[in-house]
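Each remark here refers to the structure printed beneath this line.
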Amino acid sequence: MKVESVRGMRDILPEETPLWQKLEAEIRAAFALYGYGEIRVPLVERVELFSRGVGEETEVVDKQMYVFPDRKGLQLSLRPEATASVVRAYVEHGLHAKGDLAKLYYLGAMFRYEKPQLGRQRQFHQYGVEAIGSLDPALDAEAMDLAWHLMERLLVRDPSSEVRDSGLFSQPTLPGQRTTDNGPRTTDHGLLLRLNSIGCREDRPVYRAALQGYFAAQVGDLCPECRRRLETNPLRILDCKEEGCRALSREAPRSVDHLCPECGQHFADVQAHLEALGLAHEFDPTLVRGLDYYTRTVFELCSRDLGAQDALLGGGRYDGLVELLGGPPTPAVGFAGGMERLAIVLSAQQGAEASGPALDLYLVPIGDEARREGTKLLSGLRRRGISVDTDYMGRSLRKAMQVAGRSARYAAILGQDELARGEIKLKNLSSGEEKPVLLPQFAADPHTFLRTVDHTETL
RNA sequence: GGGAGCGUAGCUCAGUUGGCAGAGCACCACGCUGUGGCCGUGGCGGUCGCGGGUUCAAGUCCCGUCGCUCCUCCCA
């Protein structure tokens, strides 16, 4: 019986995992630089965490969330995002009682029931940060600076390597868009920060009513989906890509015109900090995010090189979520990004980058006695820090040498002749230099003896 | 959710109006009996995604289904 993977769930094979490991390492390093500590929360939560926290009417919860009963009938969800879980953990473990800003980051699998396509799986991976406990506009700016810094260290653009022709990333250059033919850059990575403020809990009903009033008067020009949104979630209309809806959205009331004095000042302060940081940002009055918990600042970091699906990560403030989930009133800000999208961009960038042999040494045994001796030798070498492997496929000497040539920097040949003399032959596989060494001494101090076949210049 | 294209060897793909299932790469053996990269010869490898239907005959035509990809949508 052949069982295949579930739709939208894919394997990441050893060929690809080094890329993911690099991604994860860069992300962890960047987060650590900004003072964030890792939190690991469960993949499974009670349904109501997301239906209440993220919002019943959001697309993510309403249409895309995996929901199932456990054996006792408890309704559970595979997490569609992590912010709600992190906040639950923050409240559950009383982190607010420590009276300090909690800076938490996570990295891991999320689940959304979507139609799979390149860079979008049903099990996908997100990284993100949550800074819980401060309303300081400088913290909003710091989150954006962190996002920007992370992309800078990942998206080092090499003009000699063309972005892979994947459709998603081969959109035609738009008018006014810069091309990549003006040499290496150290500061401009084609990044653009889109920014808006959607106000606090008090501002929202006022703005929502203003939007409803505006769109209701022109309901005939809205797409069917947006006619529904008019009642359930009028903010989402601003996000619609239908030309008719977009035209209306351009003239629609702006959330920034419905901010209370505190929110208006906060947004001004955030922008002032961004100016001070020198981050290129663009005010986008139609930017609203898909999840209900956002308040005040919302942002997306986009790449000018990615065409229509250009958002690398998104985030903002969620000053009401901690209280909503049973904690004290606590402001917070964070962002999340998709790993798959980064993996595609990175693999395009370093596709030609050849990695060296994975092993230090490959043992080529000839005959049964040598294989027995080899078993002992391998175990000892590994305990001395030499990465080493041997043939378990019964290959001929020639084939074993072939395998050695592509998987290791050195070969060690052990046969009847060598055993009789108490020796083993070491060979530098890039220079071809070869010499016999005494077996017990080599086993005791392999690093030194491997260097004795390094005299010839390697190409 | 709506629309389109594609599923043939481990991988990349040919396969004509329906008429014996193919190539390159990879793998294995040999040339070269104990020395890799190059070259040559041979070999292994297939429920043609799956299930029905039409037909003397289906990889090819029809219906269904699963999967992937693209557009749209949503977003990360």
For this session: Could you give the distance separating B:A14 and B:A29 at their C1' atoms, to the nearest angstrom?
Result: 28 Å
Exercise. Using atom C1' of each nucleotide, how far apart are B:C38 and B:C32 to the nearest Å?
Worked result: 14 Å
Exercise. Taking RNA chain B as the partner, which of residues 434-443 of chain A come within under 4.0 angstrom of it by heavy atom?
Worked result: A:Glu434
For this session: Using the P atom on both, measure B:G15 against B:G19 and round to a whole Å.
Result: 13 Å
Exercise. Between A:His281 and A:Gln271, does a side-chain hydrogen bond (donor to acceptor under 3.5 Å, both in side chains) hold up when you go through it step by step?
Worked result: CA-CA 9 Å; A:His281 58 282; A:Gln271 288 173 291; 4.9 Å; no
Exercise. Is there a donor-acceptor contact under 3.5 Å from the side chain of A:Arg79 to the main chain of A:Ala109?
Worked result: yes
Seminar exercise, completed: Rounded to whole Å, the CD1-P distance (A:Ile424 to B:U35) equals 17 Å
Problem set entry | Between A:His125 and A:Glu340: side-chain donor-acceptor atoms closer than 3.5 Å | yes
Exercise. Rounding to the closest angstrom, what is the interatomic distance between B:C71 and B:U12 at atom C1'?
Worked result: 25 Å
Exercise. 5'-most contact on RNA chain B: A:Tyr113 or A:Gln416, nearest heavy atom basis?
Worked result: A:Tyr113
For this session: From the options B:A76, B:G36, B:G34, select the nucleotide whose nearest atom is closest to the side chain of A:Gln126.
Result: B:A76
For this session: Mind checking A:Gly128 for me? I need base, sugar-phosphate or nothing, with any heavy atom below 4.0 Å counting as a touch.
Result: nothing
For this session: For B:G45 and B:A23, measure between their P atoms and round to the nearest Å.
Result: 14 Å
For this session: Take atom CZ of A:Arg395 and atom P of B:A29, then tell me their distance rounded to the nearest Å.
Result: 8 Å
Exercise. So, does the side chain of A:Gln117 form a donor-acceptor pair with the base of B:U72 at under 3.5 Å?
Worked result: yes
For this session: Answer yes if the ring centres of A:Tyr362 and A:Tyr410 are under 6.0 angstrom apart, and no otherwise.
Result: no
Problem set entry | Consecutive-pair stems (3 or more, Watson-Crick or G-U, under 3.5 Å) for RNA chain B | B:1-7 with B:66-72, B:10-13 with B:22-25, B:27-31 with B:39-43, B:49-53 with B:61-65
Problem set entry | Protein-nucleotide distance (A:Arg122, atom CZ; B:G1, atom P), rounded to Å | 8 Å
For this session: Quick one: label A:Glu418 by what it contacts on the DNA or RNA (base, sugar-phosphate, nothing), any heavy atom closer than 4.0 Å.
Result: base
Problem set entry | Side-chain H-bond candidate by donor/acceptor type, A:Ser77 with A:Glu45, under 3.5 Å | no
Seminar exercise, completed: A:Glu4 CD to B:G10 C1', in whole Å, measures 15 Å
For this session: Step by step, work out the side-chain hydrogen bond (donor to acceptor under 3.5 Å, both in side chains) result for A:Trp148 and A:Glu152.
Result: CA-CA 6 Å; A:Trp148 191 288; A:Glu152 274 180 344; 3.2 Å; yes
Exercise. Can you tell me how far C1' in B:U47 sits from the matching atom in B:U8, rounded to whole Å?
Worked result: 12 Å
Exercise. Mapping A:Pro116 and A:Gly338 onto RNA chain B by nearest heavy atom, which one lands closer to the 5' end?
Worked result: A:Pro116
Exercise. Base, sugar-phosphate alone, or nothing: which one does A:Asp417 contact when heavy atoms must sit under 4.0 Å apart?
Worked result: base
Seminar exercise, completed: Expected list for residues 37-57 of chain A near RNA chain B, using heavy atoms below 4.0 Å, is none
Problem set entry | C1' spacing across the pair B:G31 / B:G22, given as an integer number of angstrom | 27 Å
Exercise. Checking A:Arg122 side chain against A:Val6 main chain: does a donor-acceptor pair fall under 3.5 Å?
Worked result: no
Exercise. Expressed in angstrom and rounded to an integer, what is the separation of A:Trp20 atom CH2 from B:A76 atom P?
Worked result: 16 Å
Problem set entry | Whether over 12 other heavy atoms sit under 6.0 Å from A:Arg371 CZ | yes
For this session: Ignoring backbone atoms, test whether A:Arg229 places a side-chain nitrogen or oxygen under 4.0 Å from the OP1 or OP2 oxygen of B:C74.
Result: yes
For this session: State whether A:Lys376 and A:Glu373 are salt-bridged, where the test is any N-O pair (Lys NZ or Arg NE/NH1/NH2 against Asp/Glu carboxylate O) under 4.0 Å.
Result: yes
For this session: Compute whether any side-chain donor of one residue and acceptor of the other, for A:Asp454 and A:Thr452, lie under 3.5 angstrom apart.
Result: no
Exercise. Does any donor atom in the side chain of A:Asp319 or A:Tyr293 lie under 3.5 Å from an acceptor atom in the other side chain?
Worked result: no
For this session: Determine the contact category for A:Gly8: base if any of its heavy atoms lies under 4.0 Å from a base atom, sugar-phosphate if only primed atoms, P, OP1 or OP2 are that close, otherwise nothing.
Result: sugar-phosphate
Exercise. Thinking salt bridges, do A:Arg289 and A:Asp239 make one under a 4.0 Å N-O criterion?
Worked result: no
Exercise. Once each nucleotide of nucleotides 38-46 of chain B is scored for protein heavy atoms under 4.0 Å, what B/S/- sequence comes out, 5' to 3'?
Worked result: ---------
Problem set entry | With A:Asn233, the side-chain contact (heavy atoms from CB on, under 4.5 Å) member among A:Leu211, A:Val288, A:Asp292 | A:Asp292
Exercise. What nucleic acid atoms does A:Lys399 come within less than 4.0 Å of, heavy atoms only: base, sugar-phosphate, or nothing?
Worked result: sugar-phosphate
Seminar exercise, completed: Which of B:C74, B:G36, B:A76 is nearest the side chain of A:Arg112? It is B:A76
For this session: Classify the nucleic acid contact of A:Ala404 as base, sugar-phosphate or nothing, counting any heavy atom under 4.0 Å across all strands shown.
Result: nothing
Exercise. To the nearest Å, how far apart are A:Arg120 CZ and B:U72 P?
Worked result: 11 Å
Problem set entry | Euclidean distance for P, B:C44 against B:C30 (whole angstrom) | 16 Å
For this session: Give A:Glu81 one of three labels, base, sugar-phosphate or nothing, depending on what nucleic acid heavy atoms sit under 4.0 Å from its own.
Result: nothing
Exercise. Do any side-chain nitrogens or oxygens of A:Arg7 fall under 4.0 Å of OP1 or OP2 in B:C66?
Worked result: no
Problem set entry | Length of the CG-P vector between A:Leu397 and B:G36, whole Å | 7 Å
Exercise. Any salt bridge between A:Arg46 and A:Glu48, counting N to O under 4.0 Å?
Worked result: yes
Seminar exercise, completed: Residues of residues 289-297 of chain A with a heavy atom under 4.0 Å from any atom of RNA chain B, listed by number, are A:Arg289, A:Gly290
Exercise. Any chance the rings of A:Tyr105 and A:Tyr36 have centres within less than 6.0 Å?
Worked result: no
Problem set entry | salt bridge (Lys or Arg N to Asp or Glu O under 4.0 Å) partners for A:Glu57, two or more places apart | none
Problem set entry | salt_bridge(A:Glu225, A:Arg228) N-O dist < 4.0 Å | yes
Exercise. Can you check whether A:Arg406 has a side-chain N or O nearer than 4.0 Å to OP1 or OP2 of B:C27?
Worked result: yes
Exercise. Going by distance alone, is a donor N or O of one side chain under 3.5 Å from an acceptor N or O of the other, for A:Arg451 and A:His447?
Worked result: no
Exercise. With a 4.5 Å heavy-atom cut-off, do A:Met401 and A:Leu429 have their side chains touching?
Worked result: yes
Exercise. How long is the line joining NZ of A:Lys115 and P of B:A4, in whole Å?
Worked result: 10 Å
Exercise. Under the 3.5 Å rule, do the base of B:A76 and the side chain of A:Glu114 count as making a donor-acceptor pair?
Worked result: yes
